[in-house]
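Below is one structure, written out as structure tokens; the observations come after it.
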Number of protein chains: 2
Amino acid sequence: MRGAQGDLLRLVATGHAESRAELARLSGLAASSVSLRVEELIGTGLLVEEGSGTSRGGRRPRRLRVSPTAGLLAVADLGAHHARLGLLDLSGTPLVVEERPCDIALGPEETLDWMAASFDELLLAHGPPGVPLRGVGTGIPGPVDPASGRVVSPSRMPGWNNFPVAEHLGARYDLPVLVENDANLMAVGEARAWPGCDNLMVLKAGSGIGCGVIVDGRLHRGRGAAGDISHVRVRTDSSVVCSCGHSDCLEAYASGAALMSALTEQGIAVGRPADVVAAVNDGVPEATALVRSAGRLIGEVLTVLVNFLNPDAIVIGGSLSTAEPLISSIRAAVYERCLPLATRDLEIAVTRAGPDATLLGAGSLLLDAVLG
Amino acid sequence: MRGAQGDLLRLVATGHAESRAELARLSGLAASSVSLRVEELIGTGLLVEEGSGTSRGGRRPRRLRVSPTAGLLAVADLGAHHARLGLLDLSGTPLVVEERPCDIALGPEETLDWMAASFDELLLAHGPPGVPLRGVGTGIPGPVDPASGRVVSPSRMPGWNNFPVAEHLGARYDLPVLVENDANLMAVGEARAWPGCDNLMVLKAGSGIGCGVIVDGRLHRGRGAAGDISHVRVRTDSSVVCSCGHSDCLEAYASGAALMSALTEQGIAVGRPADVVAAVNDGVPEATALVRSAGRLIGEVLTVLVNFLNPDAIVIGGSLSTAEPLISSIRAAVYERCLPLATRDLEIAVTRAGPDATLLGAGSLLLDAVLG
DNA sequence: CCGTCTTCCTTCGAAATCGAAGATAAACCG
DNA sequence: CGGTTTATCTTCGATTTCGAAGGAAGACGG
């Protein structure tokens with residue numbers, strides 16, 4: 001699937017184009033060439049024509065879709081104690097998504113074997129017969145070197161340091177394999193839900209604080225470590241030493257883990273970040289106050305980045321994103337302190353892609369590899 | 001000059017390619033197509049063949065250059081009290097650069113007329129006869145809306161707010177016109193001097209503190225205001241209100257203007273940022289101490305941005321960049337506090353492009369418009 | 001000095017792409 | 001309802017681009 005055909009298929013798969021005319025506009029190819037290639041793609045069974053779209057004033061376009069029988073992608077979002085696993089078709093649409101408990105502290109081999117076994121189960125139970133698996137991807141809650149597919153100095157993944165995840169998966173699957181930081185995948189997944197927004201900051205507020213950056217419509221990796229905001233020094237009265245060795249990191253005050261231990265110290269039992277949200281929603285004043293101050297600290301850090309990057313939107317996801325006070329205090333801090341020029345058109349909102357954003361992002365990046 | 005021919009010419013003009021073979025590698029076109037197009041470009045007088053390059057193990061390439069008679073670009077770097085003006089050929093090489101005193105506080109019309117008159121003088125004195133002017137560009141020490149070419153809420157340019165600079169220049173010159181923030185142009189100019197570095201932060205330390213950002217090899221504008229770091233809140237003991245209305249902005253402590261007024265208060269006479277550098281180099285302890293603490297504050301702000309953007313290099317230019325203590329204290333702060341993953345391959349260095357970086361950047365962006 | 005290698009560049013038939021013109025289909029509007 | 005407008009899609013000859021093969025020019029090594 002190379003060259004022009006791959007480009008066209010990708011445009012349809014990613015939802016950017018739905019008709020031959022749109023393909024012509026977006027690909028830069030002549031309409032006649034597009035028709036030719038599309039016929040071929042329909043001939044090979046990768047594209048299907050499906051009804052007609054909505055008119056833009058003239059003849060209605062004949063809607064194109066990636067064939068549901070063209071292939072499947074198996075994707076995962078590994079978390080500390082839970083993983084989300086799913087099967088997508090080649091348009092990135094989920095067929096099935098499941099959340100299962102797991103424990104990455106068991107180490108990479110065991111965890112990845114478990115993941116593969118889970119994929120097999122999903123394929124057996126939900127994979128339409130005869131539809132081939134075309135790619136495998138997973139999000140990792142730690143830094144990943146994009147070139148080698150290795151985990152690099154993760155803070156909360158014992159036994160994973162420098163483990164060649166992509167290589168390990170590649171040995172089992174003779175398919176394109178994607179390994180990427182979970183916040184980065186989440187950002188890619190969100191980006192598809194924010195058409196017209198080419199510059200996004202996507203915050204993952206869960207046990208840790210992650211951030212993925214979309215610049216010019218594409219994931220920004222820098223040298224592999226871009227998007228870290230959790231070890232920024234924040235201004236506080238107290239002083240706490242973070243796991244990274246420095247003092248007063250954002251993570252030590254505003255991450256789900258930090259909130260949980262603070263609440264526990266105050267005698268309020270919480271076992272996972274969602275419990276913090278529940279406490280806030282139940283009107284537990286200590287929880288609300290803590291979440292508020294976490295939002296303020298996060299917002300103050302974002303202030304610097306908003307002035308610098310001048311994004312179209314800040315999207316907040318992760319398990320803490322359902323805590324309303326978090327969002328509003330982030331908003332307050334950003335709007336108060338940023339330059340008017342930077343916040344004039346800035347939207348600060350919760351995830352549009354929902355809890356599957358990471359899986360959708362994995363699908364999106366995998367498509368590039370599969371259709372490349 | 002559209003399509004494939006423009007692409008080829010641009011590759012030669014920007015110095016990326018020097019031979020047909022290199023053009024083929026970089027453009028993705030077949031070698032045969034390149035030859036065809038290059039012959040045409042030579043035929044129209046835009047390219048010339050000039051001797052041969054160095055062998056890479058086989059036959060020596062026939063070196064290609066943009067013809068010196070293909071055209072000229074007139075570029076300017078407007079500052080508060082001085083402007084640099086220059087003529088470039090279409091490969092972006094300066095024919096002549098001059099620095100002249102000016103005063104932007106006289107307002108846009110008068111300043112732009114003065115600029116145009118200066119261009120005319122330069123063309124008369126240094127422009128080879130018969131070589132046409134092909135584009136005009138200028139850097140502005142304030143925010144510029146890239147789409148409209150207007151100045152937007154500048155802090156130190158009385159009378160310029162919302163003035164349509166591009167339109168005004170376009171009325172005088174029937175040519176491509178470029179109007180862009182000076183730090184952004186400087187970043188583009190530096191980028192050409194840092195091959196292999198696709199992600200750069202370029203700091204302009206002069207009267208103000210500007211920053212241009214190169215992401216993936218291209219200037220990042222965001223919604224037009226990207227790159228601002230001067231109004232970030234810094235941690236200090238004292239408290240100062242900035243011109244933007246907030247307190248403790250970086251600019252209020254670490255800009256050349258702030259250093260000048262602090263030195264003046266201590267009875268040391270300085271009239272421009274270069275005087276501060278001179279005082280440092282003369283071993284005036286107050287000056288050195290001030291510059292050190294400015295560097296530390298700047299470095300602390302950069303810390304956040306380095307973790308987030310994970311650039312290949314931070315380049316420091318502007319008139320304060322020759323103060324060695326500034327550079328070293330920025331380095332110290334960044335290396336001390338950033339994540340090891342982010343600083344592992346990070347270079348922090350002074351400008352390679354020198355004082356003409358802004359002019360070179362203007363030339364580079366203008367080329368895109370001229371050859372587009 | 002002479003053969004071999006590498007790289008650069010051109011030649012020429014094959015293939016892909018373009019673009020103008022026309023056919024098709026639906027919205028819009030008196 | 002029928003003409004007008006708008007947009008989508010196809011047809012087909014002209015143009016561009018490709019790519020394999022070969023010639024040109026120098027490096028390298030005996």
Side-chain angles (χ1 to χ4, degrees), chain A residues 1-67 91 195 371-372, chain B residues 1-67 371-372:
Chain A
M1 197 55 44
R2 64 197 74 77
Q5 286 202 16
D7 286 347
L8 296 182
L9 199 47
R10 198 194 329 275
L11 283 168
V12 177
T14 55
H16 288 288
E18 271 201 339
S19 68
R20 291 165 175 79
E22 273 182 313
L23 281 173
R25 281 193 292 270
L26 293 175
S27 70
L29 295 179
S32 48
S33 310
V34 169
S35 266
L36 224 61
R37 298 292 146 249
V38 166
E39 285 320 311
E40 284 178 20
L41 286 168
I42 291 177
T44 52
L46 290 171
L47 274 185
V48 287
E49 231 168 53
E50 191 195 65
S52 49
T54 54
S55 165
R56 302 194 319 154
R59 171 176 174 175
R60 282 195 298 226
R62 289 150 72 185
R63 179 181 285 154
L64 298 171
R65 285 207 43 184
V66 175
S67 165
S91 70
L371 307 179
Chain B
M1 199 53 45
R2 65 195 69 77
Q5 287 201 16
D7 286 345
L8 296 183
L9 199 47
R10 196 193 331 273
L11 283 168
V12 178
T14 54
H16 288 287
E18 271 201 341
S19 68
R20 291 166 176 79
E22 274 184 314
L23 280 173
R25 281 193 293 271
L26 293 175
S27 70
L29 295 178
S32 48
S33 309
V34 170
S35 266
L36 224 62
R37 298 291 148 249
V38 166
E39 283 322 309
E40 285 179 22
L41 286 168
I42 291 177
T44 51
L46 289 171
L47 274 186
V48 286
E49 233 168 50
E50 190 194 66
S52 48
T54 53
S55 165
R56 302 195 317 153
R59 172 177 174 175
R60 283 195 297 227
R62 290 150 70 185
R63 180 183 283 153
L64 298 172
R65 285 207 44 183
V66 176
S67 165
L371 306 180

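Note on naming: letters A, B, ... go to the chains in the order of the sequence lines (proteins, then strands), and numbering restarts at 1 for each one. Worth saying up front: this structure is predicted, and the values here are computed from it rather than measured.
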Worksheet item: How far apart are the C-alpha atoms of A:Arg63 and A:Glu22, what are their side-chain angles, what is the distance that settles it, and do they pass the salt bridge (Lys or Arg N to Asp or Glu O under 4.0 Å) test?
Response: CA-CA 10 Å; A:Arg63 179 181 285 154; A:Glu22 273 182 313; over 6 Å; no
Less than 4.0 angstrom between a side-chain N/O of [X] and OP1 or OP2 of [N], yes or no?
X       : N      : answer
B:Arg20 : C:dT10 : yes
B:Arg60 : C:dT7  : no
A:Arg25 : D:dT8  : yes
B:Arg37 : C:dT10 : no
B:Ser35 : C:dC9  : no

Worksheet item: Heavy-atom distance under 4.5 Å between the side chains of B:Glu18 and B:Pro61, does that happen here?
Response: no
Item to complete: Classify the side chain of A:Arg59 and the base of D:dT8 as holding, or not holding, a donor-acceptor pair under 3.5 Å.
Response: yes
Pick base, sugar-phosphate or nothing for [X], based on heavy-atom distances below 4.0 Å to the nucleic acid.
X       : result
B:Ser52 : nothing
A:Ser32 : base
B:Glu39 : sugar-phosphate
A:Gly28 : sugar-phosphate

Worksheet item: So which one's nearest nucleotide on DNA chain D is more toward 5', A:Ser19 or B:Ala31?
Response: A:Ser19
Item to complete: Would you mind telling me which residue lines up with the more 5' stretch of DNA chain C, B:Arg62 or B:Gly58, judged by nearest nucleotide?
Response: B:Gly58
Worksheet item: Taking it one step at a time, do B:Leu9 and B:Val66 satisfy side-chain contact (heavy atoms from CB on, under 4.5 Å)?
Response: CA-CA 7 Å; B:Leu9 199 47; B:Val66 176; 4.3 Å; yes
Worksheet item: For the side-chain contact (heavy atoms from CB on, under 4.5 Å) test, which of A:Val12, A:Leu36, A:Val48, A:Leu46 pairs with A:Leu41?
Response: A:Leu46
